[in-house]
Enquirer: 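There's a structure below that I have some questions on.
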Amino acid sequence: MGELRHLINITDLSVKELDHLMTVADDIIAHPEKYQDACAHKKLATLFFEPSTRTRLSFTAAMMELGGNVLGFASADTSSSKKGESVSDTIIMAGCYADIIAMRHPKEGAPVVGAVKSSVPIINAGDGGHFHPTQTLTDLMTIHRKKGEIGNFTVGLCGDLKYGRTVHSLIEALLRYKGIKYYLIAPEELRLPGYIREMLDEAGVEWHEVESLDEAIPELDILYMTRIQQERFPSWEEYEKLKDSFILTRAMLKPAKEDMIIMHPLPRVNEIDVDVDDDPRACYFYQALMGKYIRMALILYLLGIK
Ligand code: NCD
């Protein structure tokens, strides 16, 4: 048995390991048949204490395409956490049945607690407004496939930068690559948390905070749109006030670069008009597809399967 590895935060993986995962994912895309039995007789538990569609389905599809099996629950209501079971106990128990666990929890830090006593690898599939490392893997894979290189571009992150965990993890990952400029596009109330702004400062990168999407669009190579995270708002009124802060329309794309890519972790609510879907620059559904391949690579890696 090799060393037990978890993925809690994207920085748990070195840049070299990220490169390795993307190389494996490229190979899976090119030769899926080589991998179809790679996880035969292995089981993935998906423990989702908070709702999800893409992340849970893509983990499930990933394990199935590797020839493995999947068990788990899709909401806290259908698990024993409703009876008061601790996260740690649920994880120890799941480790008796599965070889690897993907968990999502509304509380920041829950996967760290879960990992302490786990006998199998834990993958953080999103913890509250904190981190979402496998979405970042998905995002990096998309950038790698569409842009050829991770680095030397200008990225605009737009929407709910305060509660949007995908943005937090993505910035942490991108800070390890060179030549990236950042436009943070959000209303004052939904600015990026201070600790991440400090990370940008410490890294000495060029970054701008703006409140208008139109102002930033002509500069961008990548536009990363996000949903306003209604479930993390202290009140409904607060959400109502900010929910339609940004809506990307086809007309707004006129001054954008021809090879700019539009990303979104999904689900989308209103922030991208459906008219944009047919624009060749829109790649959010492609991004969802990449999520399956990179999760396949991650499962193989954490299980130590060559
Ligand atoms: C994101 C999440 O759960 O944080 N969704 C996802 O995993 N693709 C983004 C969101 O919910 O807005």
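Residues take their numbers from the sequence shown, with the count starting at 1. When a ligand or atom number is given, it counts from 1 through the structure's own listing order.
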Enquirer: Identify, for atom 11 (O) of ligand 1, the protein heavy atom at the shortest distance, and state residue, atom and that distance.
Expert: Arg227 NH2, 2.9 Å
Enquirer: For ligand 1, which atoms sit closer than 4.0 Å to a heavy atom of Arg104?
Expert: 3 (O), 7 (O)
Enquirer: Establish, from distance only, whether the side-chain atoms of His144 and Asp26 form a donor-acceptor pair under 3.5 Å.
Expert: yes
Enquirer: Would you call Lys147 and Asp221 a salt bridge, taking side-chain N to carboxylate O under 4.0 Å as the test?
Expert: no
Enquirer: Measure the spacing between NZ of Lys146 and SG of Cys283 and express it to the nearest 0.5 Å.
Expert: 5.5 Å
Enquirer: Looking only at protein heavy atoms, identify the closest one to atom 5 (N) of ligand 1 and say how far it is in Å.
Expert: Leu266 O, 3.0 Å
Enquirer: Within the 4.0 Å heavy-atom shell around Gln135, which atoms of ligand 1 are there?
Expert: 6 (C), 7 (O), 8 (N)
Enquirer: Based purely on interatomic distance, does Thr55 place a nitrogen or oxygen under 3.5 Å from a nitrogen or oxygen of ligand 1?
Expert: yes
Enquirer: Mind checking whether Phe73 and Phe49 have parallel, tilted or perpendicular rings, split at 30° and 60°?
Expert: perpendicular
Enquirer: Measure the distance from atom 3 (O) of ligand 1 to every protein heavy atom, then report the residue, atom name and distance (to 0.1 Å) of the closest one.
Expert: Arg165 NH2, 2.9 Å
Enquirer: Do any heavy atoms of Pro267 fall under 4.0 Å from ligand 1?
Expert: yes
Enquirer: If the plane angle is over 60° it's perpendicular, under 30° parallel, otherwise tilted; pick one for Tyr284 and His264.
Expert: perpendicular
Enquirer: Group every Ile, Leu, Val, Met, Phe, Trp and Tyr by side-chain heavy-atom contacts under 4.5 Å, then state whether Ile123 and Ile28 land in the same group.
Expert: yes
